[in-house]
Amino acid sequence: MIEEKKSLNFLEQIIEEDLANGLSKEKLRFRFPPEPNGYLHIGHAASICLNFGLGLKYNAPVNLRFDDTNPAKEEQEYVDSIKHDVSWLGFKWDQERYSSDYFQQLYDWTLELIKEGKAYVDNQTSEEMAIQKGTPTETGTNSPNRDRTVDENLDLFLKMKNGEFEEGSHVLRAKIDMKHVNMHMRDPIMYRILKKHHHRTGSDWCIYPMYDWTHGESDYIEQISHSICTLEFKSHRDLYDWYVEQVYDSTNLRPKQREFARRNLSYTVMSKRKLLQLVEEGVVNGWDDPRMPTISGLRRRGYTPQSIRNFSDTAGISKRDNITDVALLEHCIKDDLNKTAPRVMAVLNPVKVVITNYPEDKEEWLTAENNQEDENAGFRKVPFSREIYIEKEDFREEANKKFFRLKLGKEVRLKNAYIIKAESCVKDEKGAITEIYCTYDEDSRSGSGTEASKRKVKGTLHWVSIKHAEKAEVRVYDRLFTDEAPDGHKEKDFKEFINPDSLTVMNAFVEPSLKSAQNLDRFQFQRLGYFCVDKDATKNRLVFNRTVPLRDSWAKIEK
RNA sequence: UGACCCAUGGUGUAAUGGUAGCACUCCGGUUUUUGGUAUCGUCAGUCAAGGUUCGAAUCCUUGUGGGUCAACCA
């Protein structure tokens, strides 16, 4: 047996190294730490798949921790949607935690720090403090309040906590080093006054800890072995370590922050701010608009959890800036749906075909295979009659040999039905074809086993019987932006690249078996693509979203 | 005029001192009652220059290019 060794990404290598250096496997613990102030997107999915993937790989617990230290922006609604998205992706967290669970512990530790002379209250304006902070190339200068006595600091901090000061008037700062080369180490703010209602702690607090003071300590409290975040936090690592050092007890594990590059996707934007802009300005119809790269958008678009997980695994993890081709994501969903989606027939752009030698009042229910990629998928019945719809693009009066479809005097196979030959057509005053007259070969019924049924004809078309067809609204989506990196242009706003044709609504006809389709049911409309039922559908109105089209090599030949 | 991070085909990633591999995309062949799928194949890469070494994508130096860092955001 050949043991194929799968290569490790750089984070797994770090973990393996730690294990080799004596860290016991039981101590491995991870977390996914979203801030509940927005919806998750495909970039978050990369982080979710990474952290939960490590949990699965090492059989280690993974906490879902909401980083809720800013009551001004955070809401229960986001907590709910995040939990839904993570579950939908198929991951199970060990514990559901909130940074706000640790407010008291953080406060107690802060008192200790103040007593040790490692933190002080500053009541300058933010402008004054910003000036003293210096720049990346110039060192900072000390605050005039830096040398307050411990008693003074304790007293002022207590007053901050008790709500005796106005918002913005005082902050608590860690006393580190205003000349430090890393700006985050220049006496960072630990607490600010915010007299706001918190979604979990209500009005218990009017001081709230900042991210840096909270995150590492939360990791420490939960004993997270590897705290994985994106690269922009790299320079926070010094501070993360400094804070953890203040409370670290050597009988415990010291968490380790490591950073990876966030995942970018071509032809879209990923920042919460820009996504929000698209929603607020009505470019899209909400966070779950199927054109959005949000998890909820992808879900509504018809993406499966498995396809998103496959995408994350295939795209991998590294430390370099990247723009992953959206074609890879599309490949992953096609690959998944090809194996699982039932095939059905739908005509998006219909033209009427009359089969002149088929009896007026006859109808047949023909047998159709649900999915030839899945032998357990079974069969269904599809009605056939004298008048059917086919796609307009599937007929031409004349065409060259490369056109395998219907043309005058030539034959094609109707999928699961008969071979027909086009005899004539009718056009309106503008020259558009309105009706096609065909004859059929009665002996050629699919699956009948006759000689005629086995005849090789080059083209096979999908169709629906007019009198049995269901009407359906079909929403055909294209990429939201016309540029591969819409926010990668310094001189141009990303909205200049919005694709005006990202949504086309079509009035389609679908086979009757689709009448009972439920929200999120996924299908392959044969020869067209993968589609799923949209939440806008009702009992009396079918609505489908096109998830992704099938590969279309004919379109290429045509060019 | 700083510190730190990064640099492998068009894209995303492997190879951690010993044959530059995989996936996507593109292009072509075969099969096909989906111009789908499957399958076979083609094109295509180590940022540059030095150095160390029998041997460098890998180690060192210097460049070049890209990114990050100065919210009472996370």
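Throughout, protein chains are lettered first and strands after them, A, B, ... in sequence-line order, and every chain is numbered starting at 1.
Across the protein-nucleic acid pair, A:L265 atom CG and B:C24 atom C1' stand 13 Å apart, rounded to whole Å.
Between A:R65 and A:E222 a salt bridge is recorded (basic side-chain N to carboxylate O distance below 4.0 Å). One finds a salt bridge joining A:E511 and A:R380 here, because a Lys/Arg side-chain nitrogen approaches an Asp/Glu carboxylate oxygen to under 4.0 Å.
When distances run from any side-chain atom of A:K415 to the nucleotides B:G36, B:C24, B:U33, the shortest one goes to B:U33. In this structure, of B:C24, B:U34, B:G2, it is B:U34 that holds the atom nearest to the side chain of A:L550.
For A:F525 and A:K556, each mapped to the nucleotide of RNA chain B holding its nearest heavy atom, the one lying further toward the 5' end belongs to A:K556.
The nearest pair of heavy atoms linking A:Q124 to A:N145 is CG-ND2, 3.6 Å. Between A:L337 and A:G302, the closest heavy-atom pair is CD2-O, 4.3 Å. Closest approach of A:D68 and A:S99 over heavy atoms only: OD1-N, 3.2 Å. Considering all non-hydrogen atoms of both residues, A:E391 and A:V347 come closest at OE2-CA, 3.2 Å.
Between the side chain of A:Q524 and the base of B:U34, at least one donor-acceptor pair of N or O atoms lies under 3.5 Å. For B:G35, its base sits under 3.5 Å from the side chain of A:R405 at one donor and acceptor pair at least. Side-chain atoms of A:R413 and base atoms of B:U33 include a donor and an acceptor less than 3.5 Å apart.
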Legend entry - Strand RNA chain B as a dot-bracket string - pairs counted if Watson-Crick or G-U with both distances under 3.5 Å, | where the partner lies in another strand: .((((((..((((....[..))))..((((.......)))).....(((((..]....))))))))))).....

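Distances shorter than 4.0 Å separate none of the side-chain N or O atoms of A:Q526 from OP1 or OP2 on B:G35. Between B:G35 and A:R527, a contact under 4.0 Å exists linking OP1 or OP2 to a side-chain N or O. At B:U34, none of the side-chain N or O atoms of A:K334 fall inside 4.0 Å of OP1 or OP2 (strictly under the cut-off). A sub-4.0 Å separation between OP1 or OP2 of B:G35 and a side-chain N or O of A:K402 is absent.
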Legend entry - Nucleic acid footprint by protein, nucleotides 5-12 of chain B - heavy-atom cut-off 4.0 Å, B for base, S for sugar-phosphate alone: SSSB--SS

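Residues satisfying the ring-ring contact (aromatic ring centres under 6.0 Å, His included) test with A:F404, not counting sequence neighbours, are none. For A:Y303, the side chain to side chain donor-acceptor pair (under 3.5 Å) test picks out no residue, with sequence neighbours left out. Residues passing the salt bridge (charged side-chain N to carboxylate O under 4.0 Å, His left out) test with A:K274 are A:D487, sequence neighbours excluded.
Between A:Y39 and A:Y78, a ring centre-to-centre spacing shorter than 6.0 Å is recorded. Less than 6.0 angstrom separates the ring centroid of A:F103 from the ring centroid of A:H198.
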Please tabulate, one pair per line, each protein N/O and nucleotide N/O from nucleotides 70-74 of chain B that are separated by under 3.5 Å, including the distance.
{"from": "B:C72", "atom 1": "N3", "to": "A:G168", "atom 2": "O", "distance (Å)": "3.2"}
{"from": "B:C72", "atom 1": "N4", "to": "A:G168", "atom 2": "O", "distance (Å)": "2.5"}
{"from": "B:C73", "atom 1": "OP2", "to": "A:R192", "atom 2": "NE", "distance (Å)": "3.1"}
{"from": "B:C73", "atom 1": "OP2", "to": "A:R192", "atom 2": "NH2", "distance (Å)": "2.8"}
{"from": "B:C73", "atom 1": "O3'", "to": "A:R192", "atom 2": "NH2", "distance (Å)": "3.2"}
{"from": "B:C73", "atom 1": "O2'", "to": "A:N70", "atom 2": "ND2", "distance (Å)": "3.2"}
{"from": "B:C73", "atom 1": "O2'", "to": "A:K73", "atom 2": "NZ", "distance (Å)": "2.9"}
{"from": "B:A74", "atom 1": "OP1", "to": "A:T69", "atom 2": "OG1", "distance (Å)": "2.5"}
{"from": "B:A74", "atom 1": "OP1", "to": "A:R192", "atom 2": "NH1", "distance (Å)": "3.3"}
{"from": "B:A74", "atom 1": "OP1", "to": "A:R192", "atom 2": "NH2", "distance (Å)": "2.9"}
{"from": "B:A74", "atom 1": "OP2", "to": "A:Y211", "atom 2": "N", "distance (Å)": "3.0"}
{"from": "B:A74", "atom 1": "O4'", "to": "A:E35", "atom 2": "OE1", "distance (Å)": "3.4"}
{"from": "B:A74", "atom 1": "O3'", "to": "A:D67", "atom 2": "OD2", "distance (Å)": "3.3"}
{"from": "B:A74", "atom 1": "N6", "to": "A:H236", "atom 2": "NE2", "distance (Å)": "3.2"}

